[in-house]
Amino acid sequence: MERKSLLPYLLILPAFAYLLFFVGYPLLQALYLAFTQNGAFSLDTVRRTINDYYFWSAFKDTLAFAAVIIPIQLFLAIVFALLLNKAFKGKDLAIYALVIPLTISDVAGGLIWYSMLSPYGFVNKVLMNIGLISHPVYFFGYQFRNREFLAIVMAEVWRATSIVFIIILAGLQMISKEYIEAAEVFGASYWTRLRRIVFPMLKPSIQSALIIRTLFAMQIFGVVWILAGRDLPVLAGEGFYQLTVIKDYGVASIYALIIAGLSILFGAVYVKFLKAEYLEVMR
């Protein structure tokens, strides 16, 4: 009996050790660097961070990217998952095509879209060849920040919608067809089945997809750095800049802690408001 009672703890020991050394220790180190000065507690680093010229712009831009990109990705992922949750010829090829961008790093994705949207890139050449424009459209540069924002949104939607799609599709495939068939027998329309059966039972998958995607959205960096640099500052980019260029480890730690705090906050909101209705009934 004693061995059996210890078994669960032994099984979770590797995961606990991983969290302790690769999450717990860096977190404590970040807190120490952020809130100490010469070995004593100090808020000087916090004041320097919030008074930095780029801080509030980085904070707002990070939230703006998340607010625009995540809903678009969720909507597209649900649409694609519903379309591909049926048996048809070429289904596997379609899923494979949608998943390909997931294999591309954010830096590589940024370079691809920079090449496509450059003044003489693929997009401008197509638009000029079909006569929609007579001169190249400039997407990059401080004076074109709105277009840079659009370019980053397009690049991120293309590159990272796949991960949301995979989670939603897996959730759809776990819904028993018996529920759908029973609703059809009682005359429920397609939209009624979606609203009353599919979406309520899909909430855990949507919750997981949003949590994972929000974690990545709070850390958005590579695509922004390639396409806009510091024209559109983001929290992860400013943290990187403070760490590698300015060598201010305390301010860099503040940025890292803010990213972690926002991720935890949004995760808690998703857990609170996206709980499956059938799980609430069972409690």
Tyr9 atom OH: more than 12 heavy-atom contacts under 6.0 Å: no

Under 4.5 Å between side-chain heavy atoms, hopping through other hydrophobics if needed: is there a path connecting Ile168 to Val99? yes

Crowded around Tyr114 OH? As in, over 12 foreign heavy atoms under 6.0 Å? no

Taking CZ in Phe41 as the centre, count heavy atoms belonging to other residues, nucleotides or ligands within less than 6.0 Å. Is the count above 12? yes

Can you find a pair of side-chain heavy atoms, one from Ser115 and one from Phe122, that are under 4.5 Å apart? no

Taking all non-hydrogen atoms of both residues into account, name the closest pair between Ala151 and Phe140 and its distance. CB-CE2, 4.2 Å

Tell me, please, whether Phe149 has Arg147 positioned over its six-membered ring: NZ or CZ under 6.0 Å from the ring centre and within 45 degrees of its axis? no

Taking all non-hydrogen atoms of both residues into account, name the closest pair between Ala155 and Leu227 and its distance. CB-CD1, 4.2 Å

Connected via hydrophobic side-chain network under 4.5 Å: Leu262 and Val269: no

Reported CD1-to-CD1 distance for the pair Ile175 and Ile197, which is rounded to 0.5 angstrom: 9.0 Å

Minimal heavy-atom distance between Ala34 and Ile254, with the atoms involved, is CB-CD1, 3.4 Å

Check this for me: Asn51, atom CG, are more than 12 non-hydrogen atoms of other residues, nucleotides or ligands nearer than 6.0 Å? yes

Any non-hydrogen side-chain atom of Ile95 less than 4.5 Å from a side-chain atom of Leu169? yes

Under a 4.5 Å side-chain heavy-atom rule over Ile, Leu, Val, Met, Phe, Trp and Tyr, are Ile258 and Trp56 clustered together? yes

Could you tell me whether Asp52 and Arg48 have a side-chain N and a carboxylate O separated by less than 4.0 Å? no

For the residue pair Leu232 and Ile152, establish whether any side-chain heavy-atom pair is separated by less than 4.5 Å. yes

Looking at side-chain heavy atoms only, is the closest gap between Leu98 and Leu84 below 4.5 Å? yes

Is there a side chain to side chain contact (heavy atoms under 4.5 Å, CB included) between Ile104 and Trp158 once you walk through the steps? CA-CA 10 Å; Ile104 300 174; Trp158 170 80; 3.5 Å; yes

Locate the shortest heavy-atom distance separating Gln37 from Asp44; write the atom from each residue and the value. OE1-OD2, 4.1 Å

Output field: ring centroids Phe55/Tyr255 closer than 6.0 Å: yes

Assess whether side chain to side chain contact (heavy atoms under 4.5 Å, CB included) is satisfied between Phe165 and Leu76, documenting all intermediate values. CA-CA 8 Å; Phe165 161 73; Leu76 291 176; over 6 Å; no

If you measure from CG on Leu20 to CZ on Phe22, what distance do you get to the nearest 0.5 Å? 10.5 Å

For atom CD of Glu178, is the number of surrounding heavy atoms from other residues, nucleotides or ligands below 6.0 Å larger than 12? no

Sorted by first residue and then second, give each salt bridge (charged side-chain N to carboxylate O under 4.0 Å, His left out) pair with at least one member in residues 5-32; sequence neighbours left out. none

Value for CG (Leu117) from CD1 (Ile112), rounded to nearest 0.5 Å, stands at 11.5 Å

Any Val223 side-chain heavy atom under 4.5 Å of Trp113 side chain: no

Report, as yes or no, whether the 6.0 Å neighbourhood of atom NZ on Lys60 holds more than 12 heavy atoms from other residues, nucleotides or ligands. no

Within a reach of under 6.0 Å around CZ of Phe199, are more than 12 heavy atoms found that belong to other residues, nucleotides or ligands? yes

Of the non-hydrogen atoms in Pro200 and Leu194, which two are nearest, and what is the gap between them? CD-O, 4.0 Å

Whether Trp225 and Phe221 hold their rings parallel, tilted or perpendicular, with breakpoints at 30° and 60°: tilted

Between Ile166 and Ile72, is there shared hydrophobic-cluster membership here, with clusters defined by ILVMFWY side-chain heavy atoms closer than 4.5 Å? yes

Taking everything shown except Phe144 itself, do over 12 heavy atoms lie less than 6.0 Å from its CZ? yes

Once you round to the nearest 0.5 Å, how far does CD1 of Ile220 lie from CD1 of Ile259? 11.0 Å

What do the steps show when you test Arg213 against Ile69 for side chain to side chain contact (heavy atoms under 4.5 Å, CB included), and what is the final call? CA-CA 10 Å; Arg213 191 60 194 93; Ile69 292 170; 3.9 Å; yes

With side chains defined as the heavy atoms from C-beta onward, is the minimum distance between Tyr241 and Arg230 less than 4.5 Å? yes

So, for Met128 and His135, which heavy atoms are closest and what is the spacing to 0.1 Å? SD-C, 4.1 Å

Taking Arg145 for the side chain and Asp231 for the main chain, is one N or O donor matched with an acceptor at less than 3.5 Å? no

OG on Ser253 to OH on Tyr32, rounded to 0.5 Å: 11.5 Å

Value for CZ (Phe80) from OG1 (Thr161), rounded to nearest 0.5 Å, stands at 7.5 Å

With a 4.5 Å heavy-atom cut-off, do Ile180 and Val198 have their side chains touching? yes

Tyr18, Leu27: one ILVMFWY side-chain cluster at the under-4.5 Å cut-off? no

I'd like to check Phe266 versus Ile70 (side-chain heavy atoms, cut-off strictly below 4.5 Å). Are they in contact? no

